[in-house]
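The structure presented is a predicted model; accordingly, all values stated were derived computationally and were not measured. All values below come from the heavy atoms of this structure, side chains included, with hydrogens, waters and symmetry mates left out.
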Amino acid sequence: METQSYNNHIRYYKPHHFVYYPVLLILLVFSIYFSFTTDDTIIWIFISLIFVILLGLGFMLRQHYALTLQNRIVKLELRYRYLSITGKRLELIEDQLTDEQIFALRFSPDNELNLLIEKALDENLSGNSIKKSITNWKGDYERV
């Protein structure tokens, strides 16, 4: 596996991104085409709507369950790391950080974590700014 950095930390699930979506989009394009070129316009419009719904559901459901659980795990991991590094509970300042900031902080190594948390709180850094501020990227290879 390639060493993770800011430039390559986004992952794709090949069956979903490169099979399911392309096939569904091709079917949608054909159904729209047939709705304009055949006499069965109503049926093809209905079929097109079904493909649009399947596309939307596929997009929403593919991430919803996994990311909800993973968000909780990332927060718990960050709480544990912060406690082990500083001896203090992150929950005391966690409500001052946005989810975007917390999720970006997971990429920071232990020796940069406390400084980045302070910087995020003081300067209200965006998640993207936090990621760019990390000197020694700590990869998250398990994120879906």
For the student: nearest non-hydrogen atoms of Q101 and A120, plus distance: NE2-O, 3.5 Å

Counting only heavy atoms from other residues, nucleotides and ligands, does the tally under 6.0 Å from CZ of F18 exceed 12? yes

On the 0 to 90° scale, with breaks at 30° and 60°, tag the Y21-H16 ring pair as parallel, tilted or perpendicular. perpendicular

Using modelled atom types only, decide if a donor and an acceptor are shared between the side chain of E100 and the backbone of S126 within a distance under 3.5 Å. no

Does I53 share a hydrophobic cluster with I45, counting links as ILVMFWY side-chain heavy atoms below 4.5 Å and allowing steps through other members? no

Over 60° means perpendicular and under 30° means parallel, so classify the ring planes of F34 and W44, tilted if in between. tilted

Using a strict cut-off of less than 4.0 Å between a Lys/Arg side-chain nitrogen and an Asp/Glu carboxylate oxygen, indicate whether K138 and E77 qualify as a salt bridge. yes

Any side-chain heavy atom of R81 sitting closer than 4.5 Å to one from D110? yes

Flag side-chain contact, heavy atom, 4.5 Å: N114 against E118: yes

Taking atom CD1 of I50 and atom CG of L55, what is their separation to the nearest 0.5 Å? 13.5 Å

Set out, in order, the CA-CA distance, both residues' side-chain angles and the distance that settles side chain to side chain donor-acceptor pair (under 3.5 Å) for E2 and N8, then state yes or no. CA-CA 9 Å; E2 184 180 356; N8 67 0; 3.1 Å; yes

Verify the neighbour count for atom CD1 of I42: are there more than 12 heavy atoms of other residues, nucleotides or ligands below 6.0 Å? no

Could you tell me the separation between the CZ atom of F36 and the CD1 atom of I32, rounded to the nearest 0.5 Å? 7.5 Å

Any chance you could measure T68, atom OG1, to I73, atom CD1, to the nearest 0.5 Å? 11.0 Å

Note: with side-chain heavy atoms under 4.5 Å as the link, the other cluster members for L125 come out as Y6, V74, L78, Y82, I85, L90, I93, L97, I102, F103, L105, F107, L113, L116, I117, L121, I130, I134, W137

Testing the basics here: between S31 and S48, what is the closest heavy-atom pair and its distance to 0.1 Å? OG-OG, 2.9 Å

State, with a plain yes or no, whether a side-chain heavy atom of F30 is found less than 4.5 Å away from one of I26. yes

Verify same cluster id: F51, V23 (apolar side-chain graph, 4.5 Å): yes

Looking at residues at least two apart in the chain, or sitting in another chain, which of them share a side-chain hydrogen bond (donor to acceptor under 3.5 Å, both in side chains) with Y33? none

Write down the atom of P22, the atom of H17, and the distance for their closest heavy-atom approach. CD-O, 3.4 Å

Quick one: do L76 and L83 end up in the same hydrophobic cluster if we chain Ile, Leu, Val, Met, Phe, Trp and Tyr together by side-chain heavy atoms under 4.5 Å apart? no

Tell me whether L28 shares a hydrophobic cluster with L54, the cluster being built from Ile, Leu, Val, Met, Phe, Trp, Tyr side chains joined at under 4.5 Å. yes

Tell me, do R89 and E94 make a side-chain contact under 4.5 Å, heavy atoms counted? no

From OG1 (T41) to CG (D39), nearest 0.5 Å: 7.0 Å

Run the salt-bridge test on K75 and D99 with the 4.0 Å N-O cut-off and return the result as yes or no. yes

Minimum side-chain heavy-atom gap Y20-L24 below 4.5 Å: yes

